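As a basis for the values below, the full set of heavy atoms in this structure was taken, side chains included, without hydrogen atoms, waters or symmetry mates. Since this is a predicted model, take the numbers as computed values, not measurements. Chain A is the first sequence line, chain B the second, and so forth, proteins listed ahead of strands; every chain is numbered from 1.
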There are 2 protein chains.
Amino acid sequence: MEEVAVLYSGGKDSSLAAHMLSKYCKVKLLTASFGILDSWKYAEESAEMIGFEHEVKKFERNIIEEASEMIIKDGFPKNGINFIHRQVLSATAKENKLVADGTRRDDRVPWLQLNEIRSLEDTYGVEYLAPLRGLGYKTINRLAIKIFKIEEGESEKIQRADYEAEIRTILKEKGYEVKNFFPAHKQSRVIGMRR
Amino acid sequence: MEEVAVLYSGGKDSSLAAHMLSKYCKVKLLTASFGILDSWKYAEESAEMIGFEHEVKKFERNIIEEASEMIIKDGFPKNGINFIHRQVLSATAKENKLVADGTRRDDRVPWLQLNEIRSLEDTYGVEYLAPLRGLGYKTINRLAIKIFKIEEGESEKIQRADYEAEIRTILKEKGYEVKNFFPAHKQSRVIGMRR
């Protein structure tokens, strides 16, 4: 089976994406770390609990600094997070033939447009797989709950390794009110298999 | 496991969609027939060869007549085929909680816009699943070839139960040159499991 690198936060979306692909590919989970926090450890724990290989991929702190500047200037996180996601996907595509993430139909961020997907695939000669992109949040929640043990809570409390965690830290360091950029929302973290 | 109704032509896309979903749901394949041809039989054969339950859902001939008029007026099949697909999805959504199809990322037709998907889901209280919507043609071809035995050929020759087969017949009956509306393209039909 060919190996697919699945960008992984420890949340239910990227966990379900990995689970779906594991029927067809050897799954390797990848978590980006920008050196601000050690939140990648939570992803590593989740990965272990659901039984997939896991790697941490280190990136320069300046990527997340630049994204934070965009977010401060824009007043909302969309462009900054997409900027990070594209950097992470490109770096992953340099080292892996199959690159996947857990973006889903109802996501607004991060989100690749069709032309960005084709550009990524053509530039690096890879395939980009987003197995949740045709599924709605109801379907994803229903499936994830059946498969995984999940911890849920407010985004500030749940320990996850998504881009947001490190951006929040930078924004706080710079003296900004995080909630002006990231309104409180529910987050989930996978903490084991249900079956 | 909950049951999902997967719209099924016997081609590799709808076969792969069914295969992916079968990890999480009980799959029932559904083929639409408009009473013009008995092309549903090919889908029934393919369904049997890959081991899924199969039903034929009969529709009024006038749906495909109306679609053909749209196609003749437009000079291209997009709107007519989308019209049929929406009718079939709505009818299926009246009788099934989970409704799926094999539309994929690089498809142009049939294709539901995000607002159409949400309208379908809200109107009928269903979930719409399109598991190939986040996968490109390379990925789909690679996976399908690994899983299924596939017969390939020109669209006129391959015996499939897609909307096109019946529309072609109507166009011919009306004296039109089919190739003016449907340029020759490769089609596939699944004829068994490889593993």
Side-chain angles (χ1 to χ4, degrees), chain A residues 1-2 4 6-7 13-14 16-26 97-108 110-122 124-148 194-195, chain B residues 1-2 4 6-7 13-14 16-26 97-108 110-122 124-148 194-195:
Chain A
M1 282 214 277
E2 281 184 272
V4 60
V6 183
L7 301 186
D13 294 355
S14 50
L16 182 60
H19 194 264
M20 286 181 77
L21 293 175
S22 68
K23 187 170 179 177
Y24 305 106
C25 308
K26 181 174 177 303
K97 278 268 171 232
L98 307 182
V99 177
D101 66 30
T103 54
R104 60 193 202 171
R105 191 187 80 195
D106 303 316
D107 273 343
R108 309 198 66 169
W111 187 260
L112 290 187
Q113 301 297 329
L114 193 49
N115 62 328
E116 294 177 305
I117 293 175
R118 289 186 178 143
S119 160
L120 178 79
E121 291 189 331
D122 294 346
Y124 300 103
V126 300
E127 296 171 29
Y128 168 72
L129 291 73
L132 307 189
R133 212 165 148 123
L135 306 182
Y137 70 94
K138 274 189 201 167
T139 307
I140 289 167
N141 289 349
R142 202 168 42 73
L143 295 180
I145 285 165
K146 253 202 285 191
I147 301 163
F148 304 117
R194 200 167 284 284
R195 55 175 188 193
Chain B
M1 281 212 278
E2 282 183 271
V4 59
V6 182
L7 301 187
D13 294 355
S14 49
L16 182 60
H19 193 264
M20 285 182 77
L21 294 175
S22 68
K23 186 169 180 177
Y24 305 106
C25 309
K26 181 176 175 300
K97 278 266 169 235
L98 307 182
V99 178
D101 66 29
T103 54
R104 60 192 201 172
R105 191 188 79 195
D106 303 315
D107 273 343
R108 309 197 67 169
W111 187 261
L112 291 187
Q113 300 297 329
L114 194 48
N115 63 328
E116 295 177 305
I117 292 175
R118 289 186 178 143
S119 161
L120 179 79
E121 292 189 330
D122 294 346
Y124 300 103
V126 300
E127 294 171 30
Y128 168 71
L129 291 72
L132 306 190
R133 211 166 148 124
L135 306 183
Y137 71 95
K138 274 189 202 167
T139 307
I140 290 167
N141 289 350
R142 202 168 42 73
L143 294 180
I145 286 167
K146 252 202 285 192
I147 301 163
F148 304 117
R194 200 169 283 285
R195 53 173 190 194

Item to check | B:R133 versus A:G134, closest heavy-atom pair with distance | outcome: CB-CA, 3.7 Å
Item to check | Region of B:L132 in contact with chain A, defined by heavy-atom distances below 4.5 Å | outcome: neither
Item to check | Which residues share a salt bridge (charged side-chain N to carboxylate O under 4.0 Å, His left out) with B:R104, sequence neighbours left out | outcome: B:D13, B:D107
Checklist entry - Could you give the distance from CG (B:L21) to CG (A:L135), rounded to the nearest 0.5 Å? => result 7.5 Å
Checklist entry - Considering only heavy atoms, which portion of B:L143 lies under 4.5 Å from any heavy atom of chain A: side chain, backbone, both, or neither? => result side chain
Next on the checklist: Which one wins on heavy-atom pair count under 4.5 Å against chain B: A:E121, A:M20, A:R105?
Outcome noted: A:R105
Item to check | Gap separating the CD atom of B:E127 from the OH atom of A:Y137, nearest 0.5 angstrom | outcome: 9.5 Å
Checklist entry - What distance do B:K23 atom NZ and A:H19 atom NE2 have between them, rounded to the nearest 0.5 Å? => result 4.5 Å
Next on the checklist: Please determine whether a side-chain nitrogen of the Lys or Arg among A:R142 and B:E2 lies less than 4.0 Å from a carboxylate oxygen of the Asp or Glu.
Outcome noted: yes
Checklist entry - How would you list, by chain and number, every residue that makes a side-chain hydrogen bond (donor to acceptor under 3.5 Å, both in side chains) with A:K26, sequence neighbours excluded? => result A:E3, A:E53
